[in-house]
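Everything on this sheet refers to the single structure shown next.
One-based numbering along the sequence shown.
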Amino acid sequence: MNFATSTFKAFRTCAASPSSSRIFTRPLVPCRLLGARRHYSEGTASTSEGGKAKDPQEEKGSTSDLEEKMKAKDAEVVDLTGRLRYLQADFLNLQRNAAREKEQTRDFAITRFASDLLETVDVLAMALKSVPATALSTHESSQTSTTPPPEPLPKSHEAYLRELYTGVEMTHRLLLQTLFKYHVKPFDPTGDKFDPNQHEALYQVPIPGEEPGTVIDCQKTGYTIKDRVLRAAQVGVVQDAS
């Protein structure tokens with residue numbers, strides 16, 4: 001009984017001791033807190049220290065990509081340069097055409113030309129008014145007419161004729177001066193070779209001793225405005241007898 005009692009007491013003492021409770025209630029500690037470390041191979045460590053290793057294939061591919069991009073940029077530069085040159089040429093042509101049209105408008109304008117001709121028309125009207133209507137009627141027509149004889153003229157018919165001729169001559173000279181001011185010049189092609197661009201043939205006649213195609217008569221004077229034919233001269237031309 002004493003041995004059994006003592007054994008039971010020893011068992012209770014061990015069960016109630018603090019050391020035994022620590023064995024079951026001790027918490028788990030992570031491995032990294034216990035100083036555990038991961039171990040890497042030497043190749044992996046060197047790669048992490050010196051950076052990622054470059055693949056030769058990838059480096060070659062990147063170089064070819066850069067070359068293609070450079071070629072594309074060069075082609076784009078060539079294209080833009082060509083377009084710029086075309087635009088410059090178009091602009092220069094536009095400037096030339098505008099200057100030419102401006103010059104032609106100034107050279108061939110009719111407003112100032114017509115206003116300057118008004119004075120010539122006035123002089124011609126004065127020349128026509130210088131001869132009265134009674135001076136134009138003949139002596140025979142006045143005798144046969146039932147109307148009373150006209151009053152005697154203050155001037156003779158010769159005087160009226162001279163005044164008319166003087167007025168028409170002044171008109172002709174003033175008109176030519178006005179035409180010259182605007183680069184309009186007459187030309188008489190008598191004796192020249194027939195040119196269909198400047199002459200208009202009214203008739204042909206064979207003349208011995210004259211070269212065929214020669215202008216022998218000018219019925220109406222031709223006119224040019226600068227280097228352009230304003231009106232072709234109406235002429236007669238020698239015909240080939242054969």
On a heavy-atom basis, the closest approach of Ile216 and Ile207 is CD1-CD1, 3.3 Å

Could you pull out every donor-acceptor pair under 3.5 Å between side chains of residues 94-101 and any protein atom, sequence neighbours left out?
{"unit_1": "Arg96", "atom_1": "NH1", "unit_2": "Asn93", "atom_2": "OD1", "d": "3.0"}
{"unit_1": "Asn97", "atom_1": "OD1", "unit_2": "Arg100", "atom_2": "NH1", "d": "2.8"}
{"unit_1": "Asn97", "atom_1": "ND2", "unit_2": "Asn93", "atom_2": "O", "d": "3.1"}

Review point. Can you tell me if Arg231 uses its side chain to pair, donor with acceptor, with the backbone of Thr221 under 3.5 Å?
Key: yes

Step-by-step side-chain contact (heavy atoms from CB on, under 4.5 Å) determination, Gln219 to Asp217:
CA-CA 6 Å; Gln219 295 287 333; Asp217 182 27; 2.5 Å; yes

Given Gln177 and Lys181, is the side-chain contact (heavy atoms from CB on, under 4.5 Å) satisfied, shown in steps?
CA-CA 6 Å; Gln177 290 177 359; Lys181 184 189 300 184; over 6 Å; no

Heavy atoms of Asp188 and Thr190 approach each other most closely as OD1-OG1, 2.8 Å

Taking every heavy atom of Thr214 against every heavy atom of Gly191, the minimum-distance pair comes out as CG2-O, 3.9 Å

**Prompt:** Using 4.0 Å as the upper bound for N to carboxylate O, is an ion pair formed by Lys69 and Asp65?
**Reply:** no

What one should report as the nearest heavy-atom pair of Gln234 and Leu202 is CB-CD1, 3.6 Å

Closest non-hydrogen atoms of Val235 and Cys218, given as atom of the first, atom of the second and distance, are CG1-CA, 4.2 Å

Nearest heavy-atom contact between Val237 and Ala201 is CG2-CB, 4.0 Å

Phe187 atom CZ: more than 12 heavy-atom contacts under 6.0 Å: yes

Margin query: So that I can tick it off, tell me whether Lys193 and Glu211 are bridged by a salt bridge, with the cut-off set at under 4.0 angstrom between side-chain N and carboxylate O.
Written below: yes

Worksheet item: Counting only heavy atoms not in Lys226, do more than 12 fall under 6.0 Å of its NZ?
Response: yes

Between the OG atom in Ser156 and the CZ atom in Arg162, the distance rounded to the nearest 0.5 Å is 6.0 Å

Checklist entry - Does one hydrophobic cluster hold both Leu175 and Val184, with members joined at side-chain heavy-atom distances below 4.5 Å? => result yes

Following the transitive rule for hydrophobic clusters with a side-chain heavy-atom cut-off under 4.5 Å over Ile, Leu, Val, Met, Phe, Trp and Tyr, establish whether Leu176 and Tyr182 coincide in one cluster.
yes

Practice item. Treating Ile, Leu, Val, Met, Phe, Trp and Tyr as nodes and any side-chain heavy-atom pair under 4.5 angstrom as an edge, say whether Leu179 and Ile225 lie in one connected cluster. Key: yes

key: Side chain to side chain, Gln198 and Val229, heavy atoms closer than 4.5 Å   = yes

Residues pairing under ring pair (Phe, Tyr, Trp, His ring centres under 6.0 Å) where one sits in residues 197-237, two or more places apart or in two chains, turn out to be Phe194-His199

Rounded to the nearest 0.5 angstrom, the NZ-CE distance for Lys73 and Met70 is 10.0 Å

Applying side-chain hydrogen bond (donor to acceptor under 3.5 Å, both in side chains) to Glu163 and not counting sequence neighbours gives Lys155

